[in-house]
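Structure, as structure tokens:
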Amino acid sequence: MTRTLMEVQGIRKKFGGITAVDGVSFEVREGEILGIIGPNGCGKSTLFNCILGQLPPTEGRVMLDGDDVTGLRPSAMNRRGVSRTFQLLQVFPQLSVRENLVLAGQEHKGTMFTRLFGPRDAGLTPDANQMIDFFRLGHLAEEKAGGLSYGQQKLLDAAMAFMAGPRMVLLDEPAGGVNLTMLGHLEERLRAMNTERGATFVVIEHNMDFVMRLCTRVVVLAEGKKIAEGTPAEVRANQAVIDAYLGH
Amino acid sequence: MMNFINLILSGLATGAIYALVAIGFTLLWQTSQTINFAQGEFVMVPAFFVLATLNLGMPLPIALLVGLALSMLVLGVLFKNLLVDPMLRHGVLPLAICTMALSIFLKETVKEVYSAEASPFPSFLPEGNLIFFGANISIQSVSIFVFAICAVLALQAFLARTSTGRQMQATAQNPYVAKLLGVPVERMIMYTFLINAALVALASFLISPVYLAKFSAGETLGLAAFIAAIVGGFNQIRGAIVGGLLLGIVDNLAAAYISTQYRGAVPLFLLIAVILFRPQGLMGRAEERTV
Amino acid sequence: MSRSVILKTFGVLIVGALIFLPLTLNRYGIYIMSLWAIMTIAAMGLNLTLGYAGQVSLAQGAFVGLGAYTVAIMMSAGFGFWLPLLIAIVITFAVGWLLGYPALRVQHHYLAFVTLAFSTLVFLVFRNEEWLTKGIYGIMGFKRPSAFGVSFQKPIEFYYFTLGALVLASAFMAWLVRSPWGRAFVALRENPVRALSLGVDTRRYTLMAFAIGSAMGGFSGALYAPLVEFVDPTPFTLALSLNLLMMVIVGGSGFFFGPFLGAAIGVLLPEWLRFAHGWYLIIYALFVMILLIKTPTGILGIIENMIAARKTRAASAARAAASAGLDKV
Amino acid sequence: MTKPVLSVREIVAGYGEMTILNGTTFDVMPGTITTVIGPNGAGKSTVFKTIFGMLKARSGSIHFKNSDITNLIPRKLLAQGLCYVPQGRNIFPELSVLHNLELGGIAASAETNIAQRVDSILERFPMLRRKGQQQAGTLSGGEQKLLEIARSLLLDPQLMLIDEPSIGLSPMMVQEVFSIIKELRAKGVSILMIEQNARSALEISDDGLVLELGRTRMQDRAQALLNDPRVGQLFLGGVIEENTA
Amino acid sequence: TNAPIKIINVGELSGPGATVGTNFKNSADLAVAEINAKGGILGRKIEIVHFDTQTNPGVARALVQKAIDENPYAIMGPGYSGSVKVSAPLAAQAGIAQVMGGEAAELTQLGFNTLFRTSFGQQSSMPKIAKYIAENLKAKNVAVIWVNNDFGKGGRDMVTKELTARGVKVTADISTEAGQADFAADVVKAKSGNPDAIFIYLNEEESARALRELKRQGVTVPLVGETTLIGQKVIELAGDAANGARGHIGLTVDAPNDNLKAYGKKFQEKYNYIPDHNGIKGYLGVYMIKAATEKMGKVDQKGLPDALKGLTILAAKEPGILMDLTIDKNGDLDRDSFLAFVENGKQVVKETLPKMSK
Ligand SMILES: Nc1ncnc2c1ncn2[C@@H]1O[C@H](COP(=O)(O)OP(=O)(O)OP(=O)(O)O)[C@@H](O)[C@H]1O
Ligand SMILES: Nc1ncnc2c1ncn2[C@@H]1O[C@H](COP(=O)(O)OP(=O)(O)OP(=O)(O)O)[C@@H](O)[C@H]1O
Ligand SMILES: [Mg+2]
Ligand SMILES: [Mg+2]
């Protein structure tokens, strides 16, 4: 039942002399919520970028459904049902919140050409409206995304990642700057998508409470290498993790 | 062989001129993210300030000083206050368009007010030639060459070594943050434009004896300077020198050994190749960002 | 509701003026109006590439040239007008597509300089390849087209012809920018990285933005040739590209009606200023500078800001009311 | 009773036609840590921007110690002893890490020895020393934030405004930053901080402040807020329908 | 009636041709002012209006159209051959005389009977030059350096044809750009063809730069050109390097002719610079119109083209025409011209080449 959805094999990424990710391997099982934690600068975001084709890995492979998808472009990955959020704010600042969401949903049906002749708001599924309500963005739907507050943009970014009904979402610090009440909602939402639709999540997060509550399994990186892997409780008790990351 | 040396030397001489114009261009980019399409005209105008002063009967040294002062005022202070300030925060493009209009304005004004003719421009350097490897090269060219190198070294040191220089760079990259760190953003931008104005004025005084003072002299010069700046590296002042000299030489070699009809094309191919394969330019450093 | 009535009335007035005003103009006036329509088409293409998709191009003038030369060469060889027109569009589409490739590697000013180089190269080819283009002497001796037995020979006839072409081009453009593609183009401009991760195939859209924009340039050139009935390299220098760019920015880049306004300013204003003799270009340049200082986002940008400000005021009032409704806990 | 070091009175401010702050009022006592909490979009960051002169206050007044600092420019404020670490990414991406750091000292008075301070900061954040020559834009998200915080320590502020310092920082780094903040308090510096990580922030704070829709809804001792059930429900992760305009 | 006679000049007042057009315009203005000061043509004043083509044939065509719509007595300009070519049919159709400055040989062969030159035209000057190179210099190999625009290309094509016809080989054919500053490569290329003479057909400023470069590289073969190589302006700009250059001159202010000198002086007083050959074109144009009108004895727009054709104007009667000239049936000019050398920084006329029709 818990099929392997994605397999990350020995990913290494060098920037000039710096090795940001140093041979990291792990697998993501279908329907799980996997946490990735590690100190600042240990290579988490870079790892995401390599998995999703935003950066070419120096070494290593990424397998999705058993196919080698290393080096596929992010758009292709996205159309295979893998979407993501970003650590730093990434929205379309001059577009309204609604347009941001419609855009996030439109590129998944048909080909580029059928879309040209299709309806303008093909991306505006019932989901979109639901998403707007869910993230409490209703009163901001017609505002330009660039004028939102930090936390609001963060939420919009997450909402965009969910728009196309992805099988798998990679979230890079979704909780940063999000109000705790809202974070509770987000958590519920992830869990709901996980149980109802079987969506898989990989979450980078520094908010340990969030990780502990949400994740079924956690991978710990330090200085580009994987130093631990296990259930949240196991990881939390691991001395190496405490030394490198959690502190006292 | 003699021909080849001739070509290289004269390419260097022309290249030094391009470099001189390109320096100010790079400087404006590096310290205020302004692309100045009127840079060629900026080099053309100071010569006319000098000529106008000479016509009033002033001696050359006074006229040069007056020219320099007027350039700093018009091409520095007025340019910055009237055009750049209101537009800077709206991004590169509207300001670039504005400088295009400015270039028309300067050209046409000089033409209407002064003359459409090329006027000879007195040189403050001695006439005459020096012999290099058996080829003649004018003192004028050598001076331009030396001056361009000195200007680059001085500016480079200023930007990299002094606190003011660093603040100017900071202002260019992110005026918002610069402001909240207490950088006097306005003053930094003003410095940039004053330095540029002084540079173009000096370039003008050096170049005009060769190029002649003419309202349209900035057209080719401006374009060549663009190309030189990009080829050398837009974000490095020393790139202007490399780009300028390379351009001068390539232009000459292309005309001699490839085609005169297409001589204008060869630097462009160089430009395209550089942009595509080394966008930061030969001397520039890459701009990388994480997402 | 009343605003939409005002807008509609305004629209009808403008369209009416475009149809009936030329009847009162002399041949020169009509020529200028035709030129406006043609330049609007070219500026519209550039507006797609630059304004919507955010790809800075300084080569639109070269595409107008390519279109004009294609039509002139083929018409001189006796091909009529319609086939050359089609070929002009196809050629500029293809060349535009190719010119898009650099845009996949570099952006902003770098891209601007690649396209600038391209536009200069095209000029050199027009001038130097005499066997094909007649070089500096130019091509003459082709006639304005006719269709369905209607000739477009006379100035006023040809004006209506270009007006028809403008209507066609605008309709196409309106449909395109309102389609999902239009939104994808804007995404390229706003945040290509995010767009890519949302499944937007940024490569293909970038190439498309160039290709379609260039084809509009080609279309415009194909009309320019029969308007002047002479084609030589001089009009297609970098200056034309810069001019078109100026039209787009001044009108309001990224706004549908921007090019109409921008082209009006770029084409008509110098005419209205002719009374100033030698000074007209000076006044024109001054005008453009002052306009841009006052409205750096273009004329339509300012109008949009005004509309947005009104909406914001309402939202602001709502927030203030809600805020006042909160009592201190 | 001691006088507040910062007192904000009936501030009205916003962006263009949009008014965000509708009469915000609060005080910060000298030598304390005050934490501001509130939902996303409440106007917390906007308050900070207004205090620091990056946004114009349309009415109301801001007093720092005994002087009126309403709408002063940042350079003047820095000279008076305020400093500000904004939200988001605020570095010079193409300059090196060291140069970024040094630029924090621009507003320092002539007698401060910037080089020495830079050195002691690098001591505290060895990561920054290690990556000193790297372009700042290539740092990881958290590292960029640390750089920013480190940069703000170059001066001797009397009041520090910090907008969500914990975003993107690992738990260890959050502890480190919080302990720096506590050290500063011990030296008599007042801190005004925005935090979504409200519980840990309030735990080290003296006072707390709840902002909603641009107005101060509560101001009390931090401990009192932590214990207040309504705050717990509203902003500390309790679940009740929240109030958005 | 006593309404002024309206002439419209459509010229290159901006763009690459601005120098050409401005010289033409200023001189035309000068001529108009002189004529008006002496009471005008047949007692009527002249009113001259200038339109700017921006050196763009499309605009030129439109402006000639506009000019025709304003029903002027005559049209002057444009100066660029391409612009003339597109606009001539309009003037021909309207039957209005167009007195233009284009040099291209073909212009007067196109069969527009309202088109008139104000200059010699390359079809008359180039044969003289080719003849000089072949017969006087006995050159076998020639390098041709020309500016790649409408003016230079026309001259280059014509001279190449004429040289080839006389058995002279063009061993280096070198195109240069308007505004070019560095001629090192061009000179290297010219030398590589081992020429016995070099023909230079550039604008004045570029001529000066080329001459300097030729000197720098030690070229000693005869340098032959047109007015644009040996005019006073070039000499001033090129200094010593101009010495020894020689060429054919239709009309220059330095020609040994009092009328020309007087014109040059008046121009310089008014505009503060030395006019070039384009200036003379504009000046002549107005006087050609005046002479033809006076011959008709009435201001007759439709009759003007015919009156101009075959007209011979004598400088003794009409000093403004500068030198005796005859307008042929194609609209080409015929008159004396000169062969001159630059010696010690002065233009010295060696020979007067008579009118062809004599
Ligand atoms: N373009 C680049 N050039 C050089 N070094 C880089 C580049 N991009 C990233 N790095 C380095 O790679 C390392 C890993 O960065 P990454 O963003 O993956 O960290 P992270 O684990 O996401 O950290 P954080 O938790 O702070 O977000 C960092 O040390 C960073 O300095
Ligand atoms: N630059 C801007 N232009 C227009 N509106 C803005 C801008 N910045 C913020 N806003 C608006 O002001 C309101 C308050 O924003 P602010 O950034 O102060 O919120 P915040 O309380 O800091 O939220 P967060 O916790 O998400 O950071 C938001 O509704 C936002 O839409
Ligand atoms: Mg990260
Ligand atoms: Mg905030």
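Convention: sequence-line order gives letters A, B, ...; per-chain numbering from 1.
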Side chain, backbone, both or neither: which part of [X] has an atom under 4.5 Å from a heavy atom of chain E?
X	result
B:K111	side chain
B:E219	neither
B:Y257	neither
B:S115	side chain

Taking all non-hydrogen atoms of both residues into account, name the closest pair between [X] and [Y] and its distance.
X	Y	answer
B:T260	E:E177	O-OE2, 4.4 Å
B:A256	E:A185	N-CB, 3.8 Å
B:V210	E:R209	O-NE, 3.6 Å

By a 4.5 Å heavy-atom criterion (distance strictly below it), what part of E:I174 contacts chain B: side chain, backbone, both, or neither? both
Honestly, the part of E:D186 sitting under 4.5 Å from a heavy atom of chain B is side chain
Is it the case that the side chains of [Y] and [X] hold a donor-acceptor pair, with the cut-off being a distance below 3.5 Å and no angle test?
X	Y	answer
E:N23	B:E117	yes
E:R216	B:N129	no
B:K107	E:S14	no

Partner chain E: residue of B:G264, B:P120, B:A254, B:S10 with the largest heavy-atom pair count (under 4.5 Å): B:S10
[atom2] on [Y] to [atom1] on [X], rounded to 0.5 Å:
X	Y	atom1	atom2	result
B:L212	E:E204	CG	CD	11.5 Å
E:E236	B:S119	CD	OG	9.5 Å
E:N272	B:Y114	CG	OH	7.0 Å

Over 12 non-hydrogen atoms of neighbours within 6.0 angstrom of NZ in E:K261: yes
Near E:K161 NZ, under 6.0 Å, is it more than 12 heavy atoms from other residues, nucleotides or ligands? no
Among [options], which residue forms the greatest number of heavy-atom pairs with chain B at distances under 4.5 Å?
options	result
E:V187, E:D276, E:L13, E:T176	E:L13
E:N26, E:V188, E:T22	E:V188
E:G179, E:P16, E:A18	E:A18

Short N-O contact, B:R263 and E:D182, less than 4.0 angstrom: no
